[in-house]
Structures are given as structure tokens and as C-alpha cells.
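Here the structure comes first, spelled out in C-alpha cells, and everything after it is commentary.
Sequential numbering from 1 along the given sequence is applied to the chain's residues. As the structure is a computational prediction, the values presented were derived from the model and not from experiment.
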Amino acid sequence: MLNAYFADMHIHIGRDIFDKPVKITASKNLTITNILKESSRNKGINLIGVIDCQSPAVQLELKRLINDGLAYELEDGGVRFEEVTLLLGSEIEVYDDNCHGPIHVLCFLPSLVEMERFSEWLVTRMKNITLSSQRYYGSAKDLQYKVKELSGLFIPAHVFTPYKSLYGKGVQQSLKEVFDPDLIDGIELGLSSDTFMADKIRELHHYTFVTNSDAHSLAKIGREYQEILMKEPSFKEFNYALHQVEGRQIIRNYGMNPQLGKYHKTVCDKCLTHMEPDVTECKNCGSKKVVKGVADRIEELADYTGKEIPRPPYLYQVPLEYLPGLGPKTFKKLLEHFHTEMNILHNIPYESLLDVVPEKLAKSIIQMREGKLAINAGGGGKYGSVATTD
């Protein structure tokens with residue numbers, strides 16, 4: 001029997017078991033143990049991908065959780081903790097002779113054994129394996145071959161962001177410039193794009209799209225996610241869903257409206273003035289540092305104008321913390337009454353919300369659920385925002 005599960009497959013670790021940094025820009029309380037607790041108890045997410053598991057200290061913390069009886073490895077891959085399954089992943093920066101700029105990719109392995117083997121291999125091709133998103137010295141295809149040798153999954157990350165992504169600067173026109181297209185298991189869209197934008201590029205049509213948070217703090221877990229039809233949350237079932245095997249599939253992508261992404265529009269990097277994509281100098285401050293927005297880059301690459309490609313619904317949402325008037329105390333109150341953020345986002349009726357929060361906020365939650373919130377567009381490293389309403 002297949003059931004629907006929520007999944008966020010791109011979560012960073014801020015500190016390891018020895019309180020050493022892993023993702024330097026991530027929150028210090030973003031440990032593997034805290035991620036598991038937050039995802040299971042507060043977020044209500046069933047499947048997570050933690051993408052700094054190549055770090056030996058992260059592996060050690062997972063082993064201690066298992067040895068203490070708090071977690072266990074699944075036969076079909078992944079580590080189960082309470083109500084959540086963790087898939088072991090690694091975000092790696094590729095910049096080989098075929099790249100025009102660095103590209104981030106996500107590599108997922110079925111078990112700790114495979115991840116340890118992957119780490120041993122990376123040690124000879126990476127300067128500091130303990131840190132997140134480190135540059136890998138080797139070819140992109142060799143990395144793909146190694147991931148497949150270890151029965152892993154390979155997914156290019158946030159493929160349209162201006163920095164460190166496949167289409168941002170990594171390739172001129174096609175992923176075939178760098179990767180073996182047959183060894184890609186899915187495409188992560190990133191915060192400034194959606195299904196409809198990405199499908200303007202013909203070569204992406206036969207890949208499954210994933211929408212993930214790229215969380216650098218506990219609060220950002222579930223900022224974007226998907227709902228997946230599977231037998232249970234596990235590595236094997238996630239793999240099946242990416243390739244639509246025997247009914248497994250992503251049935252809904254939940255993401256912020258692309259205009260909320262911090263790289264949606266082309267802007268001046270100095271003063272954040274919106275600019276036309278072909279302009280090279282800011283009319284406001286004269287700076288020539290221009291960050292090309294995701295929407296404009298996709299239009300450059302677009303080569304398909306046919307009928308809409310069959311895809312799961314892409315539903316615009318924002319995390320609860322984005323809503324005007326919803327502060328930490330109110331958020332805590334909502335969780336005390338309704339247990340998890342996923343429950344609040346998807347299930348709690350308007351009348352029940354009114355028992356806990358003011359009418360204006362209750363209406364905002366319902367409008368957000370229905371994709372009807374007004375927004376202010378972001379760009380140049382500045383996130384968009386939810387517009388305040390009367």
C-alpha cells in the first residue's frame with residue numbers, strides 16, 4: 001500500500017558532535033540530533049536529506065544515536081529516528097575543465113557503510129572533508145560514476161541560482177557539457193524557480209523535479225518540500241519515486257513563489273536596484289556588478305514553447321515564520337495546539353485556527369495554503385517578502 005509522505009532533501013549541518021563547524025554559514029544549533037528532533041517533533045516531515053554526511057564527525061554522531069538505541073538503519077536504506085527517516089547525503093562543488101563556473105550537486109548513499117566508502121574516496125580529492133559543500137578535484141563524470149558504483153543518487157542542486165549552480169554559470173547551454181545525463185536522478189529547482197519556469201528548457205523534461213529548503217537553520221527546514229507517494233520513507237522508495245517505479249512518485253511540490261527567492265530578478269549587486277537583463281551598468285549607482293536573475297537566465301536558455309509538460313502540481317507556500325504578525329510566541333502557541341507545522345499548513349480548519357490566533361493571521365494561513373498571498377519580489381541576494389494586507 002502506498003501512502004503520502006512529506007520530504008525535504010537538502011538540510012545542512014552547522015556543527016558536529018565536537019562543536020566544530022561543518023557548514024560555516026549555518027546555525028550553531030543545527031546538529032544532526034537537533035535536525036532529527038525538529039523534523040520529527042515540530043515540522044512533521046517524514047523524510048529528510050542531510051547533505052553534510054561525508055564528514056566523519058557527523059557519521060560518528062549518527063553511530064552514537066544508533067548505539068544508544070535512539071535510531072536504527074533501515075534495510076531499504078536510511079536511518080529512522082522517531083517519525084522521520086534520514087537519508088545520508090553530501091553536497092559537493094564540481095569545477096572541472098568543462099565547467100564555466102562551480103556547480104553544486106547532491107549525492108545520496110543508501111547506508112553509513114556506503115557513505116564511509118564515499119568519504120574515503122573523497123579524502124584524496126578534497127582538501128577538507130569535514131566541511132560542507134567543498135570543492136571536489138576531479139571530473140564531474142567521475143563523481144557520477146563513483147556515486148553509481150556505491151548505489152547512490154545524483155541530483156544537481158539549486159540549478160538556476162546565479163552562483164555555484166548548473167545553469168547559473170556552470171554551463172553555457174546544456175547539462176551535457178559537464179554531466180552524463182543518464183546518471184542524473186533528479187533536478188533540484190531552488191528557491192527562485194518553479195516547475196513552469198524550468199520546463200521552458202527541453203532537456204529537463206524527462207527528469208523529476210525536487211523542491212527542498214537548503215536549510216541553514218532549524219527554522220528553515222521545510223521552507224520548500226514535496227509530498228511523495230511511497231510504501232514507506234526509505235532510500236529505496238525515494239529512488240523509486242524519482243524514477244516513477246510501480247506507482248511511487250512525487251505527487252505535489254511545495255515551494256515559495258519564485259518571486260520570493262533572493263535571486264529572482266536581475267539587480268545591481270551594490271544597491272539592489274532592479275535592472276534589465278542586458279544592462280551592464282547600474283543607472284542608480286554606476287556599479288558594473290550585476291547579478292543576473294533566475295527568471296532572466298531561464299529566458300536565455302528557453303528552447304521549448306509547446307504544451308505544458310505533465311507534472312505534479314506546484315503549490316506556492318511560505319513557511320509560517322514568513323507571515324506578518326506571526327512571531328515566536330504565536331508560533332509556539334500554534335505548535336502546542338496543533339503539534340506540527342505540516343499539520344498547521346495542510347490540515348487545521350479556519351475555525352480551529354481562530355481559537356488560537358487573531359482573525360487576520362488565521363486568514364493569512366488559509367490564503368497561504370491556497371496560494372493567494374500577495375508578495376514583493378526579491379533579487380540580488382535579498383529575499384522577497386509577503387506583502388502586508390488590511
| Backbone N or O of W121 within a donor-acceptor pair of the R125 side chain at under 3.5 Å? | yes
| message | Distance alone, cut at 3.5 Å: any donor-acceptor contact between the side chains of E73 and S111? | response | no
| request: Could you tell me which non-hydrogen atom of R297 sits nearest to which non-hydrogen atom of G168, and how far apart they are? | output: NE-O, 3.9 Å
| Under a 4.5 Å cut-off applied to non-hydrogen side-chain atoms, are V290 and M275 in contact? | yes
| message | Main chain of I11, side chain of K23: is a donor-acceptor contact present, judged purely on distance under 3.5 Å? | response | no
| Counting only N and O atoms by type, is there a donor-acceptor contact under 3.5 Å from the side chain of T211 to the main-chain atoms of G255? | no
| message | Does either side chain, that of T130 or that of K20, offer a donor lying less than 3.5 Å from an acceptor on the other one? | response | no
| Got T124 and Y137 here, is their nearest side-chain heavy-atom distance under 4.5 Å? | no
| task | Answer yes or no: is there a donor N or O on one side and an acceptor on the other, between the side chain of T85 and the main chain of P233, under 3.5 Å? | result | yes
| task | Specify the closest pair of heavy atoms between L166 and P156, including all atoms of both residues, with the distance to one decimal. | result | CD2-CB, 4.4 Å
| task | List, by chain and number, the other hydrophobic cluster members for F235, where Ile, Leu, Val, Met, Phe, Trp and Tyr join if side-chain heavy atoms come within less than 4.5 Å, directly or indirectly. | result | Y5, M9, L47, I51, L87, L106, F108, L153, I155, V210, I228, M230, F238, L242, I250
| note | Taken in chain and number order and not counting sequence neighbours, the residues that satisfy salt bridge (charged side-chain N to carboxylate O under 4.0 Å, His left out) with R41 are E82
| task | Using distance alone, with no hydrogens and no angle criterion, decide if E114 and S151 have a side-chain donor and acceptor under 3.5 Å apart. | result | no
| request: Work out which heavy atom in L204 is nearest to a heavy atom in R311; give both atom names and the distance. | output: O-NH2, 3.1 Å
| query | Any side-chain heavy atom of K270 within less than 4.5 Å of one from C282? | reply | no
| Over all atoms of both residues, closest heavy-atom pair of A7 and I45 | CA-CG2, 4.1 Å
| message | Closer than 3.5 angstrom, by distance alone: can the side chain of E93 be matched with the main-chain N or O of Q134 as a donor-acceptor pair? | response | no
| task | Measure from the ring center of H339 to the ring center of H337 and say whether it is less than 6.0 Å. | result | no
| field | pair I35-L218: side-chain heavy atoms closer than 4.5 Å | value | yes
| said: Is it the case that the side chains of H12 and S132 hold a donor-acceptor pair, with the cut-off being a distance below 3.5 Å and no angle test? | reply: yes
| query | Counting only N and O atoms by type, is there a donor-acceptor contact under 3.5 Å from the side chain of Q59 to the main-chain atoms of C53? | reply | yes
| said: Using modelled atom types and a 3.5 Å cut-off, is there a donor and acceptor pairing between side-chain atoms of D8 and backbone atoms of S213? | reply: yes
| field | Any side-chain donor near an acceptor of the partner, S139 and D96, under 3.5 Å | value | no
| request: Count the heavy atoms of every other residue, nucleotide or ligand shown that sit under 6.0 Å from CD of E116, and state whether that count exceeds 12. | output: yes
| Contact check, side chains of T33 and L65, non-hydrogen atoms, under 4.5 Å | yes
| field | Residues, nucleotides or ligands: over 12 heavy atoms within 6.0 Å of E75 CD | value | no
| query | Where do L229 and I251 come nearest, in terms of heavy atoms and distance? | reply | CB-CG2, 4.0 Å
| message | Could you check, using the six-membered ring where one of them is a Trp, whether Y316 and Y254 have ring centers closer than 6.0 angstrom? | response | no
| request: Answer yes or no: is there a donor N or O on one side and an acceptor on the other, between the side chain of K141 and the main chain of Y145, under 3.5 Å? | output: no
| request: Cation-pi check, R252 to Y314: give yes when NZ or CZ is under 6.0 Å from the six-membered ring centre and within 45° of the ring axis, no otherwise. | output: no
| Any side-chain heavy atom of F154 sitting closer than 4.5 Å to one from F179? | yes
| request: Evaluate the side-chain proximity of Q173 to L301: yes if any heavy-atom separation is below 4.5 Å, no if none is. | output: yes
| Does the N42 side chain pair with the main chain of E38, one donor and one acceptor, at a distance under 3.5 Å? | no
| remark: Of V294, N253, T195, N212, the one forming a side-chain contact (heavy atoms from CB on, under 4.5 Å) with L189 is T195
| said: Does any part of the side chain of K43, heavy atoms only, come nearer than 4.5 Å to the side chain of T340, both counted from C-beta? | reply: no
| note | Of all heavy-atom pairs linking N29 and N34, the shortest is O-ND2, 2.8 Å
| request: Carefully, step by step, assess H10 and E188 under the rule side-chain contact (heavy atoms from CB on, under 4.5 Å). | output: CA-CA 9 Å; H10 189 148; E188 184 185 66; 3.0 Å; yes
| message | Tell me whether K169 at atom NZ has more than 12 heavy atoms from other residues, nucleotides or ligands lying less than 6.0 Å away. | response | no
| query | Donor-acceptor pair, E61 side chain versus D16 backbone, under 3.5 Å? | reply | no
| field | Pair E281, S287: side-chain N/O donor-acceptor within cut-off below 3.5 Å | value | no
| request: Taking side chain to side chain donor-acceptor pair (under 3.5 Å) as the test, write out the residues that go with H346, two or more places apart. | output: Y225
